[in-house]
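See structure below.
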There are 2 protein chains.
Amino acid sequence: MTLKELARLLGLSATTVSRALNGYPEVGAETRARVLEAAARHGYEPNVTARRLATGRALAIGHVIPLAEHQMINPIFADFIAGAGEVYSAAGYDMLLSVVPEPEEPSAYAQMAAQNKVDGVIVHAPKVHDVRVEMLRRLGLPFVMHGRDGREAPDYPFLDIDNRRAFRRATEHLLGLGHRRIALVNGLEAMSFAHRRRHGYLEALRAAGLAPDPQLMRTREMREPYGHAAAAEMLRMPDPPTAFLTASIIVAFGVLRAVREAGLEPGRDVSIATHDDVLSHFSLDGAPPVFTATRSSIRAAGRRCAEILLDLIAAPHGPQVQELWQAELIPGPSTGPALRENQHA
Amino acid sequence: MTLKELARLLGLSATTVSRALNGYPEVGAETRARVLEAAARHGYEPNVTARRLATGRALAIGHVIPLAEHQMINPIFADFIAGAGEVYSAAGYDMLLSVVPEPEEPSAYAQMAAQNKVDGVIVHAPKVHDVRVEMLRRLGLPFVMHGRDGREAPDYPFLDIDNRRAFRRATEHLLGLGHRRIALVNGLEAMSFAHRRRHGYLEALRAAGLAPDPQLMRTREMREPYGHAAAAEMLRMPDPPTAFLTASIIVAFGVLRAVREAGLEPGRDVSIATHDDVLSHFSLDGAPPVFTATRSSIRAAGRRCAEILLDLIAAPHGPQVQELWQAELIPGPSTGPALRENQHA
DNA sequence: GCGGCATCCCAAACCGGTTTGGATTAAGGC
DNA sequence: GCCTTAATCCAAACCGGTTTGGGATGCCGC
């Protein structure tokens, strides 16, 4: 069923039918009603491809997922995409996903722009120095960043959580429990979120008059076995940490496993705190929290980023939206007072 | 830069330029070379939307992700998508993701078909009785199923792992270690993969002359807290299981957590075996395996499904591809001989 | 020298919508 | 009764490609 067929059926021109369906004022109320009724009855749906070509609007949003060297796919990705996808579907937009080797990321964006495949993109996992901002500006592709680059107040729309503050608070929480040797099992510090978390951690240590121990600071892709290996190794040190702060619940589970293997009781012998993205496969309504955590839903972030981008596309010169969310600090059973004999002399 | 502009630049017609670029034989070798050179020099890229409209080919593959009632997004999804996405990108196809509430899943497919948005789809997470097969046939939308419905030999292209065999072998492995009370912490059994796994488990028990205990069989969405709650509960039974078989590494981690909390040593006091999809955030090259597992990479499955679908689209009447992969049984430290005092009298 | 056959290229139609610039008709004002 | 204006509707152009159905040119054989 095409527009022309529908028009012939109604004895109207394609123009009128198109206008009737799209709510233009040039068609009479009675005609419009007839058209809408007929369209519904015949299950007419306008061909998006034709519409794209005619209007120049892509009616789609792009997400470029670069595969890093080690081919890891960011675990938070699925929940974020789910959140954003809900919004797109409700708004009649398509979601275009482009999975490319990291070196081809720029060309993936360039292609989306040159071919008008999308009306905008959401930029994931910003680095401290992120070349994509400049690139997208040159391409004239509207974007919203999930996170920020290294700058405190960038000049583009973004939604970020206050990573520095979250990790400062989490560190302060551990310090308040008497911990002095606190390990930071961080994500890759080229990523601005990890960079900020480290700064929050360092700030808290400094405020407490403690010098950071490089041996207690690790940075790597956030996988479970990484958390395990890092914790196992540190627990074998002559002067082991009494608390761990990790960048992801996945890493925290790895740390927990190592703690158990060492015969230690989490929350008593060793404390573990983490950031928690509320990933759906690690959470269950009603289940008690496993870890003390700074919590912020990545799914909600996906939803909100999508909304911001759609608004931006609808009103390109509207006010620039920048949101900084505070993570909640949720107490859990994985932290407790530092044991006397473990405390630093 | 449009085709027409390029044609004018070259003093050729749009027809000739189009043919030259698409490798049709009607243009001379010298002309073709000139066209290709000019296209490259000016960075010409054909507008995919226009091409879609003209050819009727969408040059895109669709994935519909239904959000279940509990809003959980399947954790294996990210890795599968990454695998498939690599193949699409390399082949010049787009990936269209549609995230919809479960009840709207049929209309999501209908829309993709009616509007010619995609050339085919990959169907995820088939149920034992799956209505999508009939629907996609009616819509005339080519598809490849990742998994199978309840039938042993369906009449559509699919890629599945031999879930029944894998779980029979895993169960036999535990039986061989002397375990008699083996718990099955399964996924949702409306899903055909979970259904088959249960049958594999039951087959092995029956072959060993054991009657299944309904108390030891759980079925639910595969989340970490589910594994934890299920195991914790069963370990409190008067006659607790001595071994757990779980449907996902995520669930296995939950079980492991409960085992540790009960003060038991995995692989000694209690055994844990699981299926392992080789999710990227749970694996790390060189790290020793955590669990004894039936292993099959979901990422590789994503790649292969994409290949099968692209082949199917290129040659709709070629031979129907149906692949059944065997999972590897990987021994790990999480299983060991059943303790005497725990053995069933 | 002429018909036949490739070879190479092009004008125009087409995909299915949207949008511009009227044309037609009816209502309103004086 | 005539002119203006508003209300409706339409034909045709357009978006940027692909594809059909020739047309022109050059080479061949006889």
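Atoms considered below: every heavy atom in the structure, side chains included; atoms not considered: hydrogens, waters and symmetry mates. Below, read A as the first sequence line, B as the second, and so on, with proteins coming before strands; counting in each chain starts at 1.
- The distance from atom CG of A/Leu12 to atom C1' of D/dA11 is 14 Å, rounded to the nearest whole Å.
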Donor-acceptor list for residues 22-31 of chain A side chains, cut-off 3.5 Å, not counting sequence neighbours:
from	atom 1	to	atom 2	distance (Å)
A/Asn22	OD1	A/Arg51	NH2	3.3
A/Asn22	ND2	A/Ser18	O	3.0

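- Outside the 6.0 Å centre-distance limit, the rings of B/His146 and B/Phe158 are not counted as a close aromatic pair.
- If you look at B/Tyr88 and B/His63, their ring centroids are closer than 6.0 Å.
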**Annotated protein contacts, base or backbone, on nucleotides 14-24 of chain C with a non-hydrogen cut-off under 4.0 Å, one of B, S, - each** = -BBBBBBB---

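- Using a cut-off of 4.0 Å between Lys/Arg side-chain N and Asp/Glu carboxylate O, A/Glu37 and A/Arg41 are scored as salt-bridged.
- Looking at B/Arg138 and B/Tyr109, their side chains never bring a donor and an acceptor atom within 3.5 Å of each other.
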